[in-house]
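Would you mind keeping the following structure in view while I ask a few things?
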Amino acid sequence: MSGPLFTECSEQCGIHIWADKFLVEILDPETGEPVPDGESGELVITTLTKEALPLIRYRVRDLTRKLSEPCRCGRTHPRITRISGRSDDMIIVRGINVFPGQIESVLMKIPEVGNHFMIIVDRIGPLDSIKVQIEMHESAFSDKMSDMMALKKKISGALKSVLSLAVEVELVEHGSLPRSEGKSKKVIDNRKI
Amino acid sequence: MGSGIEDKIIKQISLFAENKPGRLANVANKLKSAGINIRAFTIAESGDFGIIRMVVDKSDYAHKVLHDAGFTVSETSVLGIEMEDVPGSMSRIAEVFGKAKINLDYAYAFVTRDQKALLIVRVNEIEKAVKTLEEDNIKLIGMKELEKI
C-alpha cells in the first residue's frame, strides 16, 4: 500500500502518511488502546476517502511508532518509523513483551555475530527462561576462552538493556541454525501451558 | 616480526565446537581423510561450547581443509618449548616466564618419541617471550622441526 498511503521523503527519517486520506492509529496490541506518540504499537489503518472498498480500523499487525512533529523536509504529515516486527510474533516472558525484531536489531549492531539467530523460550520450574542461539562470524572466533566469554557478556548485556530481561546467550557454529526462505521461524516456545 | 622468528613459532589450529555428540568425530574425520597427523590436542570447555586446540604436522593445510568444510577455525601463533623429560624442567621454564613477567594465556604439554617433552604455550607478547627464552638457552621448536617429531 506504499505510494498512495505513504512515502519516504529525501530526509529518510520515517515514512510520511498522507493524513488527509488515511487515518493511522498506533494501538497497544493487547489492550487495543492508542499508545502515546513515539511509542511502539500495532499499525491500524482507516481509509478516509475510499468509497468502493473502504478499510475501517484495519489491523495490519505490523509494529511501528508514529512521529507527529513536522519533518525536516517541511511536510507536516505525520510519519511512521521502520516496521520493527509483527504483533503476532510477540512472546511474553515473565510478563515482559518480547518481539523477535527487537532482538534482531540488537544483534545487527554487534559486528561479531551474524543475523542468524533462534529464540528458545522454556519454563524451568516456576520461571520462564529465554535463550538466544546466535551464529558467530568466523572472524570473531578467538582461541582464548576469556575473549569468547567477553563476547557472550557483551551480547547478553546489549539484549538486557533493550528487553529489560536476562537473556541466556549461546554461541553456535556458523551455518548450524536452520535457514528458510522469507520469513523464517525465529522462535521455539517449549512452554507447556 | 623480525627475520627468523617464524622458525621459532608454531601455528596452532583452534576450532570452535558446539558441545554436542558427534562434533569431535566430524573434525577428526576431516583430518583423517586429509591425511593430517595430530601432534598435540586439547579441548577447553565452557558449558555450551568448547575450543579445540591442536598442533598438527601440516597446519596451513589443516586450516584450509577445516575452513573449507565450514568449521569456525583459526590459526594461532604459539610457542613450542622443548624440555628434558626429567623432574624440574617445567619449573625452570616457569621461572623464566615469571622473572620476565610474561603471562601465559594457556599451556599444554606432551612427550615426544625421542624422550623429550614439548610444552605448548600461548603468550600475549610472543616476540618478547622468544627473546627471553633464547637468552636463557631454552630451545624452541618451529613448524619444520615439528613435522619431523
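Here is the naming used below: chain letters follow the sequence lines, and residue numbers restart at 1 for every chain. As the structure is a computational prediction, the values presented were derived from the model and not from experiment.
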message: So that I can tick it off, tell me whether Lys131(A) and Asp122(A) are bridged by a salt bridge, with the cut-off set at under 4.0 angstrom between side-chain N and carboxylate O.
response: no
- prompt: Does a side-chain N-to-carboxylate-O contact under 4.0 Å join Arg65(A) and Glu39(A)?
  reply: no
field: Closest-packed option against chain B by number of heavy-atom pairs under 4.5 Å, given Met149(A), Met145(A), His174(A)
entry: Met145(A)
message: Salt bridge or not between Lys116(B) and Asp85(B)? Use side-chain N to carboxylate O under 4.0 Å.
response: no
query: Side chain, backbone, both or neither: which part of Lys152(A) has an atom under 4.5 Å from a heavy atom of chain B?
result: side chain
- line: If one checks every heavy atom of Ser46(B) against chain A at 4.5 Å, the contacting part turns out to be both
message: Any salt bridge linking Arg23(B) with Glu18(B)? Criterion: basic side-chain nitrogen under 4.0 Å from a carboxylate oxygen.
response: no
- prompt: Under a 4.5 Å heavy-atom cut-off, does chain A meet the side chain of Glu45(B), its backbone, both or neither?
  reply: backbone
query: Checking heavy atoms, do the side chain of Ile52(B), its backbone, both or neither come under 4.5 Å from chain A?
result: neither
- prompt: Is it the side chain or the backbone of Ser142(A) that comes within 4.5 Å of chain B heavy atoms, both, or neither?
  reply: backbone
message: For Val44(A), is there any backbone N or O sitting under 3.5 Å from a side-chain donor or acceptor partner on Arg61(A)?
response: no
message: Between Asp60(B) and Lys64(B) (salt bridge meaning N to carboxylate O under 4.0 Å), is one present in this structure?
response: no
- line: If one checks every heavy atom of Tyr106(B) against chain A at 4.5 Å, the contacting part turns out to be side chain
